[in-house]
Engineer: 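Dumping the structure here so I can ask a few things about it.
Naming convention: chains lettered A, B, ... in sequence-line order (proteins, then strands); numbering from 1 in each chain.
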Number of protein chains: 2
Amino acid sequence: MTAPREAILEFLSTSSKHMSAKEIYTSLQKKYPGIGLSTVYRTLNLLARMGIVTKLLLGDGQSRYEFKSKGKSGHHHHLICTNCGIIIDYREFFEEELQLVRKTEEKLAKKYKFMIQDHNIEYLGLCEKCKLKY
Amino acid sequence: MTAPREAILEFLSTSSKHMSAKEIYTSLQKKYPGIGLSTVYRTLNLLARMGIVTKLLLGDGQSRYEFKSKGKSGHHHHLICTNCGIIIDYREFFEEELQLVRKTEEKLAKKYKFMIQDHNIEYLGLCEKCKLKY
DNA sequence: TGCCTTATTGACATTGATTCTCATAATCAA
DNA sequence: TTGATTATGAGAATCAATGTCAATAAGGCA
Ligand SMILES: [Zn+2]
Ligand SMILES: [Zn+2]
Ligand SMILES: [Zn+2]
Ligand SMILES: [Zn+2]
């Protein structure tokens, strides 16, 4: 763990969610001048490969990253407005939902001989504001 | 519906899945020379906005598109190898999953005042081959 | 049918996020 | 220290996707 990496990880783990690489880079300049954009990208990819952060692909032209906090309180899925791009983290799973995910993972692992490591579930639609404007 | 649009839609609806814009463009050149790459992109975005094709963001640097065939036999979710990128469409555990998706949609719609239009569910892991090489 | 308005097309240029390159600097185990 | 190894930062390069714009095509109407 080097200083730039710690700075990035520390920032991600305390910041609000779903930041782009450039947003992270800019935010870090204030407290950590001199850090390079390349390092931000490299570190984010590294942390993603290590399973410490999640890389989100939301179709707005840039990847977004969020710290993957452990435990039930951290894990969540996304509700995304296809018009304005707002992202809502929701954690109100049905017990059934967790059970089903586990069961599906098992079945898929067996049938397709995959080693399943993660899942993404997202719902897309229009948020309260964008609903009105169609 | 113009000729280029029909060509793209016809191609997508009969081709194998998950094609990138450039792959679609190249494939069409054979049967439909003269079609422009811009037109391919414009048409894919149009069809995606119309809900006729699905735009997939898989993190390999380019969007992929698949025809969204109606009915239970068409709708599916994805199992993706994070190492080699292979994508498996799975359709089998559908009844339970569909019920749960509907129930979750209702709950989210009410709580967050969203109008939910679609969902993505994907499982990530290592495929049979990539499992061995870690 | 012929005319006119509007939408679409294709070639090309441009943008912009991400990755690459490479010389310098930090890390770490003897 | 010392030398081998890895990480860094500045800038260049890549390349998917979008924008521009003149030329075409579509579609409505007399
Ligand atoms: Zn919105
Ligand atoms: Zn989130
Ligand atoms: Zn694989
Ligand atoms: Zn598919």
Engineer: Checking the side chain of Thr26(B) only, and the main-chain atoms of Lys22(B) only, is there a donor and an acceptor separated by less than 3.5 Å?
Structural biologist: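 Yes, the answer is positive, given that a donor and an acceptor are paired below the 3.5 Å cut-off.
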
Engineer: I need the full list of ring pair (Phe, Tyr, Trp, His ring centres under 6.0 Å) pairs touching residues 15-35 of chain B, with sequence neighbours left out, sorted by first then second residue.
Structural biologist: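 Listed by first then second residue: His18(B)-His78(B).
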
Engineer: Can you list everything that forms a side chain to side chain contact (heavy atoms under 4.5 Å, CB included) with Leu46(A)? Sequence neighbours excluded, please.
Structural biologist: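 Checked Leu46(A) against side chain to side chain contact (heavy atoms under 4.5 Å, CB included); matches are Arg5(A), Arg49(A), Met50(A).
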
Engineer: Would you call Lys55(B) and Glu66(B) a salt bridge, taking side-chain N to carboxylate O under 4.0 Å as the test?
Structural biologist: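 No, no charged N to carboxylate O under 4.0 Å.
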
Engineer: In this structure, is the centre-to-centre distance between the rings of His77(A) and Tyr123(A) below 6.0 Å?
Structural biologist: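 For Tyr123(A) and His77(A), the ring centres are not under 6.0 Å apart.
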
Engineer: What does nucleotides 11-30 of chain C look like as a protein-contact string, B for base, S for sugar-phosphate only, - for none, at under 4.0 angstrom between heavy atoms?
Structural biologist: BB----SBBBB---------

Engineer: Rounding to an integer number of Å, can you tell me how far Leu44(B) CG sits from dG10(C) C1'?
Structural biologist: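 To the nearest whole Å, that distance equals 16 Å.
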
